[in-house]
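Quick notes on the structure that follows.
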Amino acid sequence: MEFVLADETGQKIHATCKQTYIESKGRILTVGAWRYIRNFQITPAGGAYRTTDHTWKIVFNQNTAVSRSNHVNDELYLNLSDFQTVLSGTLDENFLIDVLGQVLDCGGVENIQCTGGKQRKKLEFTLSDINDSRLPCCIWGNLAEKLHSAINQEVGMVTMLLRINDDDKTLTSFQSNEDSQEDNNKQVAQSGKRGQRDK
């Protein structure tokens with residue numbers, strides 16, 4: 001299991017837990033909940049598509065202890081990138097990014113023949129930000145169908161927050177229109193702008 005942890009200051013760090021320890025240690029690591037974590041290892045963080053810019057990552061082991069915390073904080077700790085910066089190509093491609101935008105158009109789900117004869121589902125769509133910059137996006141796999149369904153079920157303007165959740169990539173969809181300004185949170189699927197790496 002791969003996931004991202006944040007402390008009270010918003011500092012984020014990548015963490016990993018082997019399948020062996022998920023039942024005993026990972027079962028209370030729910031998204032948004034605060035936990036005390038003790039007795040873990042740290043190793044250098046590296047490679048492509050890193051979830052944070054932290055130098056180190058946390059590795060759970062058999063001695064790692066996870067317990068509940070009374071701390072309450074609803075901060076999402078977003079590090080949103082503006083579309084022009086994304087499109088400029090100046091961002092380090094080793095790091096995943098978060099973006100927020102309105103869905104302008106969404107194509108149909110396509111079946112693409114990939115290497116080794118395997119078929120993958122693909123969905124292309126475009127996001128717009130408050131400056132009317134346009135960001136082309138692509139999602140692969142089962143995430144494509146989930147996102148396509150979520151977009152087609154919404155009424156009014158659809159705004160989406162694409163952010164990385166490395167264990168089970170998620171996208172939060174927010175609905176807003178003239179009749180309702182209340183956020184309508186839906187957990188659907190997400191890969192980032194770099195979803196094409198799964199092809």
Side-chain angles (χ1 to χ4, degrees), residues 1-82 85-86 90-101 120 127 137-144 146-147 150 160-174 183 185-199:
M1 182 169 69
E2 306 284 332
F3 47 97
V4 176
L5 301 173
D7 62 18
E8 305 114 77
T9 68
Q11 180 68 51
K12 292 185 284 189
I13 187 171
H14 184 91
T16 182
C17 178
K18 290 183 178 180
Q19 187 73 28
T20 310
Y21 308 129
I22 288 179
E23 179 59 31
S24 61
K25 308 174 193 307
R27 56 188 173 83
I28 67 168
L29 287 173
T30 53
V31 175
W34 289 85
R35 298 290 185 256
Y36 293 110
I37 304 174
R38 301 183 301 277
N39 303 328
F40 51 83
Q41 296 172 289
I42 58 170
T43 61
Y49 309 114
R50 289 169 56 185
T51 54
T52 79
D53 60 0
H54 204 290
T55 307
W56 303 93
K57 69 176 179 179
I58 289 176
V59 180
F60 283 34
N61 58 40
Q62 61 182 355
N63 298 316
T64 301
V66 181
S67 57
R68 300 182 187 278
S69 167
N70 294 324
H71 184 72
V72 177
N73 188 334
D74 293 330
E75 176 62 53
L76 293 176
Y77 300 122
L78 294 175
N79 294 316
L80 294 175
S81 300
D82 67 87
T85 302
V86 175
T90 58
L91 294 176
D92 188 336
E93 292 190 357
N94 287 321
F95 296 95
L96 295 163
I97 58 173
D98 300 335
V99 295
L100 178 67
R120 299 291 306 276
L127 293 181
C137 300
C138 176
I139 280 182
W140 291 86
N142 292 332
L143 306 180
K146 292 180 180 179
L147 176 55
M160 294 191 171
L161 167 64
L162 275 69
R163 66 178 316 193
I164 185 68
N165 174 349
D166 200 55
D167 174 46
D168 181 20
K169 313 219 178 4
T170 61
L171 170 94
T172 304
S173 165
F174 301 92
D183 286 342
N185 293 328
K186 286 189 175 181
Q187 291 303 315
V188 294
Q190 182 284 147
S191 66
K193 176 176 178 280
R194 299 188 177 92
Q196 295 188 21
R197 73 182 187 274
D198 294 326
K199 186 175 178 181

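By convention here, the first residue in the shown sequence is residue 1.
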Sequence-distant partners of [X], side chain to side chain contact (heavy atoms under 4.5 Å, CB included), two or more places apart:
{"X": "Thr55", "result": "none"}
{"X": "Ser69", "result": "Trp34, Tyr36, His71"}
{"X": "Thr16", "result": "Glu2, Val59"}

Of all the heavy-atom pairs spanning [X] and [Y], show the shortest one and how long it is.
{"X": "Trp140", "Y": "Arg120", "result": "CE3-CB, 3.7 Å"}
{"X": "Ser67", "Y": "Arg38", "result": "OG-NH1, 3.4 Å"}
{"X": "Asn61", "Y": "Asn39", "result": "OD1-O, 3.3 Å"}
{"X": "Leu5", "Y": "Ala15", "result": "CD1-CB, 3.9 Å"}

With side-chain contact (heavy atoms from CB on, under 4.5 Å) as the test, pick out the partner of Ser81 among Ile97, Leu100, Asp98. Ile97
When rounded to the nearest 0.5 angstrom, what is the spacing between [atom1] in [X] and [atom2] in [Y]?
{"X": "Asp7", "Y": "Asn73", "atom1": "CG", "atom2": "CG", "answer": "10.5 Å"}
{"X": "Lys57", "Y": "Thr51", "atom1": "NZ", "atom2": "OG1", "answer": "9.0 Å"}
{"X": "Lys18", "Y": "Met1", "atom1": "NZ", "atom2": "CE", "answer": "14.0 Å"}

Under 4.5 Å between any side-chain heavy atoms of [X] and [Y], yes or no?
{"X": "Thr30", "Y": "Arg35", "answer": "yes"}
{"X": "Arg50", "Y": "His14", "answer": "no"}
{"X": "Tyr21", "Y": "Thr64", "answer": "no"}
{"X": "Phe95", "Y": "Asn79", "answer": "no"}

